[in-house]
Amino acid sequence: MTQPLAGKHILIVEDEPVFRTLLDSWLLSLGASTTLAEDGMDAIEKMNALQVDLMICDIAMPRMNGLKLIEHLRNAGDPLPILVISATENMSDIARALRLGVQDVLLKPVNDFKRLRETVFACLYPDMFNSRVEEEERLFEDWDALVSDPASAAKLLQELQPPVQQVLSHCRINYRQLVSADKSGLVLDIAPLSDDDLAFYCLDVTRAGDNGVLAALLLRALFNGLLQEQLSQQRQRLPEMGSLLKQVNNLLRQANLPGQFPLFIGYYHSGLKNLILVSAGLNATLNTGEHQIQISTGVPLGTLGNTYFNQISQRSEAWQCQIWGAGGRLRLMLSAE
């Protein structure tokens, strides 16, 4: 089972025992460690001896309510991320909580745990979440314009390329790219999923021309969310990437983007040192230092029926992957920190 909150300590401040226990069990199942408090006074006492990454609190509680607790923390200069979950119907309470700098407010009863999961992630990983959300909003607001203006679409895609060196999910990553001047080339995206998980893909946009650029922008907006959903449904640490490729193929059809889209995708867990790779139409070799593996090319997206994908899995602290196709060649290098 995937544990995207491993290493995170969350304080639950809730006077209602059933909901407190429900939240506790759910957060533990995602890998978080938790501390429980029955009201604001109890929370302050326990925080004196704790290093907390996130506080989830109610508003209406005995002795010290949630608003007074939040005010106490903010007056003390504590920037702790706070998520309020309350049954209040008083909009002034919600407005006051937001003015005090909480990250979000959810209303009870909580029935949509997918939304709760997204909200908790946004509180714990604000830089990652907000930057991706802004990109998605920008893309969908401008989608019609991008379809009618291929040059603008290509320019936007170029602007969104990741830096050649970065540290994500406890991994040091860099890549080198060789692309022909007259071709659109290979497009790379790397997305952190948690402190220990990251995913990446490489799409050759050359074969599908303008549609290839649009497909790359669509993938940029949706890939991270699709993988998070797939991990959640699998209820395991390691995803089944063939299923994800079929989802992407269906999305391309729904977006009315015909063509062939050679794609290479990967997932890495820095804690387990586990790498998963699947190719749908791109050539690739993996070098782990101990092994060099030729990865089966497979069939490009846009042409998939009931195709079987050859998913390979390797354990390695450092590896290099060379990927090539009609659009050029790319070398991706990763080492776990």
Side-chain angles (χ1 to χ4, degrees), residues 4 7 121-122 124-140 142 146 151-181 183-206 212-228 248 261-271 273-277 279 282 284-288 316-325 327-337:
F121 269 63
L124 287 167
Y125 310 107
D127 293 338
M128 174 185 82
F129 186 87
N130 291 337
S131 63
R132 301 294 293 197
V133 167
E134 287 166 7
E135 285 178 14
E136 289 178 24
E137 289 176 347
R138 180 183 172 191
L139 172 62
F140 288 116
D142 297 339
L146 293 171
S152 293
K155 181 180 178 183
L156 175 60
L157 183 59
Q158 187 62 37
E159 291 173 356
L160 295 176
Q161 287 296 280
V164 295
Q165 294 185 12
Q166 59 181 320
V167 176
L168 295 173
S169 305
H170 297 129
C171 296
R172 187 169 298 279
I173 305 161
N174 63 82
Y175 68 96
R176 299 289 179 270
Q177 195 164 13
L178 180 63
V179 177
S180 302
K183 297 184 183 297
S184 301
L186 302 177
V187 172
L188 178 69
D189 187 22
I190 306 167
L193 304 174
S194 75
D195 272 357
D196 294 314
D197 301 79
L198 63 84
F200 59 90
Y201 65 83
C202 181
L203 177 68
D204 188 345
V205 302
T206 307
V213 173
L214 292 170
L217 289 170
L218 189 67
L219 266 176
R220 174 86 192 189
L222 300 177
F223 183 77
N224 196 21
L226 286 172
L227 186 52
Q228 285 282 13
V248 173
F261 308 95
L263 178 71
F264 184 85
I265 60 174
Y267 164 89
Y268 187 70
H269 190 289
S270 61
K273 308 295 187 293
N274 206 98
L275 171 68
I276 293 176
L277 298 171
S279 181
L282 279 174
T285 57
L286 172 68
N287 191 330
T288 66
S316 180
E317 291 190 7
W319 48 266
Q320 294 186 22
C321 192
Q322 293 204 53
I323 307 160
W324 69 96
R329 182 179 292 266
L330 182 144
R331 179 187 293 178
L332 178 65
M333 294 156 279
L334 179 146
S335 58
E337 292 195 321

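Worth knowing before you read on, the calculation uses all heavy atoms, side chains too, and leaves out hydrogens, waters and symmetry mates.
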**OP:** Without swapping roles, check the side chain of T288 against the backbone of W319 for a donor-acceptor pair under 3.5 Å.
**Re:** no
**OP:** Determine the minimum heavy-atom distance between L198 and S169, stating which atoms define it.
**Re:** CB-OG, 4.0 Å
Subject >> Non-hydrogen atoms of C202 and L282 that approach each other most closely >> reply: O-CD1, 3.4 Å
Subject >> Residue pair G327 / D204: nearest heavy atoms and the distance that separates them >> reply: N-OD2, 3.0 Å
Subject >> Worked check of side chain to side chain contact (heavy atoms under 4.5 Å, CB included) between L275 and L286 >> reply: CA-CA 10 Å; L275 171 68; L286 172 68; 3.7 Å; yes
Subject >> Under 3.5 Å: donor-acceptor pair, side chain of Y175, backbone of L188 >> reply: no
Original post:
CG of L332 to CG of N174: how many Å apart, nearest 0.5 Å?
Top reply: 8.0 Å
**OP:** Say whether, by atom type as modelled, one donor and one acceptor occur between the side chain of Q177 and the main chain of L186 under 3.5 angstrom.
**Re:** yes
Subject >> Atom pair CD (Q320) and CE (M333), whose distance is rounded to the nearest 0.5 Å >> reply: 5.5 Å
Subject >> Closest heavy-atom pair and its distance - A284, C321 >> reply: CB-SG, 4.4 Å
Subject >> Y268 side chain near K273 side chain, heavy-atom distance below 4.5 Å >> reply: yes
Original post:
Which distance, rounded to the nearest 0.5 Å, do you find between the CZ of F200 and the CG of L277?
Top reply: 5.0 Å
Subject >> Between CD on residue Q165 and CD1 on residue I173, distance to nearest 0.5 Å >> reply: 11.0 Å
Original post:
Crowded around Q166 CD? As in, over 12 foreign heavy atoms under 6.0 Å?
Top reply: yes
**OP:** Tell me, please, which residues at least two apart from R172 pass side-chain hydrogen bond (donor to acceptor under 3.5 Å, both in side chains).
**Re:** E337
Original post:
Roughly how far, to the nearest 0.5 Å, is the CG atom of D189 from the CG atom of L217?
Top reply: 10.5 Å
Subject >> CG on D197 to NE2 on H170, rounded to 0.5 Å >> reply: 11.5 Å
Subject >> Heavy-atom closest contact (F261 atom, L203 atom, distance) >> reply: CB-CD1, 3.9 Å
Subject >> Qualifying residues under side-chain hydrogen bond (donor to acceptor under 3.5 Å, both in side chains), relative to N287, sequence neighbours excluded >> reply: Q292
